[in-house]
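In what follows, a single structure is set out as structure tokens and then discussed.
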Amino acid sequence: MTVPIKSGGGFEWEVIEDEARFESLSSDWAELNSKQGPDGFFTRVESVRENWARHRNDPRTSLHVYVLRDGGKLIFGAPMIKTRGSLGTHKLQWLDSKTPLYDDVLVDPDADVKIVAERFAAHLKSSTLRRVLKINFVVEETALHRVLTTIGAPLRYLTDATFLDLSEFTSWDDYVAKMSSNRRQQLRRFARKIQKAGAGPVQRVEDPGTRRLAISTIFEKKRSWVKVDDERPEWIVPAEAEAWFQNIAKHEDGRNRCHVFRLASQTDWIASILCFERDGTLYLSKIAHNSAWDRFSPGSVLVQQVLQFAFERGLNSADLMIGRSNWKDRFVNRSRSVSNCRIRLLPLLR
């Protein structure tokens with residue numbers, strides 16, 4: 001069922017509640033997404049489809065995609081799901097991948113963000129049975145962050161997303177030269193030791209079948225870590241988590257790319273990393289390594305080569321994504337805050 005299109009103040013809006021209606025809108029959605037920057041990777045039609053695949057089997061849950069048009073032109077798209085609760089109430093949740101990836105929203109860069117945000121806020125409050133809107137990962141400086149701050153939504157800091165701003169350096173050699181001498185020597189020592197132990201050069205996996213196997217190796221290793229370390233997040237365990245990344249990796253075009261890099265010896269797999277690219281930003285998404293090679297810091301060696309690739313490709317940024325750690329801090333020079341959002345929507349709790 002799709003809520004009929006409503007209009008007022010020169011705008012038309014509707015709530016999409018079935019896949020067929022979303023598919024009929026997909027060309028308009030893709031056109032608006034094409035106006036987004038690097039973070040638009042997470043609001044592509046393909047991403048929305050794969051996200052919904054993670055939720056559609058819950059019988060209590062339905063699509064709830066709010067779209068806004070101005071003069072017939074799509075200017076705003078908020079992908080959400082609605083989950084039925086007790087006593088006829090329901091909650092809204094951002095339509096995410098059930099993994100720690102960025103959440104975002106589509107906004108036409110020519111639209112007045114204040115007006116768009118106010119319309120979205122009015123929709124959120126339009127039902128007296130709506131309890132809450134939950135969003136897990138709101139990244140600073142994204143379109144979603146701008147919309148939420150405009151309406152005064154409560155944001156609770158979780159962690160940082162760190163990245164390397166490549167534009168501050170003229171080249172890979174310039175980046176290395178501006179490291180501290182200790183750090184520079186450490187990276188060279190790691191590379192020299194692992195090569196002496198038998199590791200070959202880092203390879204970019206380009207064959208689709210081989211790449212699929214390489215992604216499976218990353219997830220298999222990360223799932224094995226979960227079994228021995230209860231501190232690790234459990235989102236990695238379901239097979240559907242790997243399926244999301246495998247399916248997204250297949251949807252490449254001129255702006256949205258997938259890269260897998262692999263480090264191995266003649267006898268051992270050592271480490272692999274899965275990256276996505278859009279509009280000059282390389283997202284270092286998933287990395288795993290062979291613990292038998294721990295003493296050679298294979299992750300650092302691999303990331304070093306991936307960053308060199310980013311420089312050689314002429315990219316602007318290498319985003320190490322959600323979560324702060326010492327190894328990430330050694331490579332980056334910038335960060336964005338990551339927050340969650342919980343908007344109480346029941347009239348008495350607003």
Side-chain angles (χ1 to χ4, degrees), residues 22 25-54 65 74 76-80 94-109 135-148 160-167 204 208 211 215 218-219 235 241-261 273-287 306-307 309-310 313-323 332 334-338:
F22 179 76
L25 183 74
S26 61
S27 60
D28 290 342
W29 189 279
E31 181 180 353
L32 181 53
N33 177 265
S34 71
K35 299 179 180 180
Q36 316 301 300
D39 292 328
F41 184 90
F42 305 100
T43 53
R44 294 188 299 155
V45 169
E46 294 85 0
S47 298
V48 174
R49 287 181 183 137
E50 293 300 327
N51 289 355
W52 174 235
R54 299 288 325 260
V65 182
L74 186 66
F76 182 79
M80 298 175 284
W94 217 252
L95 179 54
D96 59 23
S97 62
K98 294 190 177 183
T99 72
L101 290 177
Y102 297 164
D103 293 321
D104 216 338
V105 68
L106 293 184
V107 182
D108 191 317
I135 311 174
N136 288 326
F137 300 109
V138 182
V139 184
E140 186 181 14
E141 299 176 356
T142 58
L144 179 57
H145 184 264
R146 290 192 292 273
V147 168
L148 294 175
D160 290 311
T162 57
F163 65 98
L164 174 63
D165 183 353
L166 279 68
S167 66
R204 184 158 69 100
R211 190 170 65 181
I215 295 172
I218 293 173
F219 277 83
W235 64 263
E242 179 185 337
W244 191 97
F245 288 89
Q246 293 278 17
N247 292 337
I248 288 296
K250 292 188 294 187
H251 293 293
E252 295 190 283
D253 54 41
R255 297 177 66 189
N256 305 281
R257 307 292 297 171
C258 169
H259 305 289
V260 175
F261 299 85
I273 187 169
L274 167 65
C275 305
F276 295 110
E277 177 191 338
R278 172 160 170 150
D279 294 356
T281 292
L282 187 69
Y283 294 100
L284 281 66
S285 180
K286 298 288 170 286
I287 185 170
V306 170
L307 295 181
F309 165 83
R313 196 168 172 81
L315 304 182
N316 303 316
S317 176
D319 192 326
L320 277 67
M321 305 196 73
I322 294 173
V332 301
R334 294 286 182 271
S335 68
R336 295 188 289 177
S337 65
V338 181

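Distance CG/Asp96 to CE/Met80: 13.0 Å, rounded to 0.5 Å. Remark: Leu274 CG to Ile215 CD1 distance equals 5.0 Å, nearest 0.5 Å. The structure places OG of Ser27 at 7.0 Å from CG of Leu25, a figure rounded to the nearest 0.5 Å. Here CG of Asn33 is found 4.5 Å from OG1 of Thr43. Values are rounded to the nearest 0.5 Å. A distance of 11.0 Å separates CZ of Phe261 from CD1 of Ile287, quoted to the nearest 0.5 Å. To the nearest 0.5 Å, atoms CG (Leu307) and CZ (Phe309) are separated by 11.0 Å.
For Arg211, the salt bridge (Lys or Arg N to Asp or Glu O under 4.0 Å) partners are Glu252, not counting sequence neighbours. With sequence neighbours excluded, no residue satisfies salt bridge (Lys or Arg N to Asp or Glu O under 4.0 Å) with Arg54.
Heavy-atom minimum distance, Ile322 versus Pro100: CD1-O, 3.6 Å. Listed here is the closest heavy atom pair of Gly280 and Leu315: O-CB, 3.4 Å. Closest heavy-atom contact between Gln36 and Val105: OE1-O, 4.2 Å. Contact detail for Val45 and Ala30: the closest heavy-atom pair is CG2-N, 3.9 Å. Shortest non-hydrogen contact noted between Arg257 and His259 is CB-NE2, 3.9 Å. Nearest heavy atom pair, residue Ala78 against residue Trp29, reads N-CH2, 4.3 Å.
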Does the pair Trp94 and Phe137 meet the rule for a ring pair (Phe, Tyr, Trp, His ring centres under 6.0 Å), with working shown?
-> CA-CA 9 Å; Trp94 217 252; Phe137 300 109; over 10 Å; no
side-chain hydrogen bond (donor to acceptor under 3.5 Å, both in side chains) between Asp165 and Ser167: does it pass, once the steps are laid out?
-> CA-CA 5 Å; Asp165 183 353; Ser167 66; 2.5 Å; yes
Steps toward ring pair (Phe, Tyr, Trp, His ring centres under 6.0 Å) verdict (Phe42, Tyr102) | CA-CA 7 Å; Phe42 305 100; Tyr102 297 164; 5.2 Å; yes
Go through Arg49 and Ser26 one step at a time and tell me if the side-chain contact (heavy atoms from CB on, under 4.5 Å) criterion holds.
-> CA-CA 10 Å; Arg49 287 181 183 137; Ser26 61; 4.2 Å; yes
Walk me through it: do Lys250 and Glu46 pass the test salt bridge (Lys or Arg N to Asp or Glu O under 4.0 Å)?
-> CA-CA 10 Å; Lys250 292 188 294 187; Glu46 294 85 0; over 6 Å; no
Please lay out, stage by stage, how Val332 and Leu320 fare under the test side-chain contact (heavy atoms from CB on, under 4.5 Å).
-> CA-CA 8 Å; Val332 301; Leu320 277 67; 4.0 Å; yes
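Residues Met321 and Leu101 have side chains in contact (heavy-atom distance under 4.5 Å, counting atoms from C-beta outward). Contact of the Glu277 side chain with the Pro38 side chain is not registered, since no non-hydrogen atoms from C-beta on lie closer than 4.5 Å. Taking 4.5 Å as the limit, some side-chain heavy atom of Ile273 sits within range of a side-chain heavy atom of Val306. Using a 4.5 Å heavy-atom threshold, the side chains of Leu144 and Ile135 count as touching. Looking only at side-chain heavy atoms (C-beta outward), Thr281 and Phe163 stay at 4.5 Å or farther from each other.
Because its NZ or CZ atom is both nearer than 6.0 Å to the ring centre of Phe41 and within 45° of the ring axis, Arg44 counts as a cation-pi partner of that residue.
In this structure a side-chain-to-backbone donor-acceptor pair under 3.5 Å is present from Arg255 to Ser34.
In this structure, Phe245 and Trp235 have tilted ring planes: the angle between them lies in the 30° to 60° band.
Residues Arg278 and Asn256 have side chains that bring a donor and an acceptor to within less than 3.5 angstrom of each other. A donor-acceptor contact closer than 3.5 angstrom is absent between the side chains of Ser317 and Asp319. Of the N and O atoms on the side chains of Asn51 and Trp244, at least one donor lies less than 3.5 Å from an acceptor on the other residue.
Among residues at least two apart or in separate chains, salt bridge (charged side-chain N to carboxylate O under 4.0 Å, His left out) pairs with a member in residues 30-39 are Lys35-Asp108, Asp39-Arg336.
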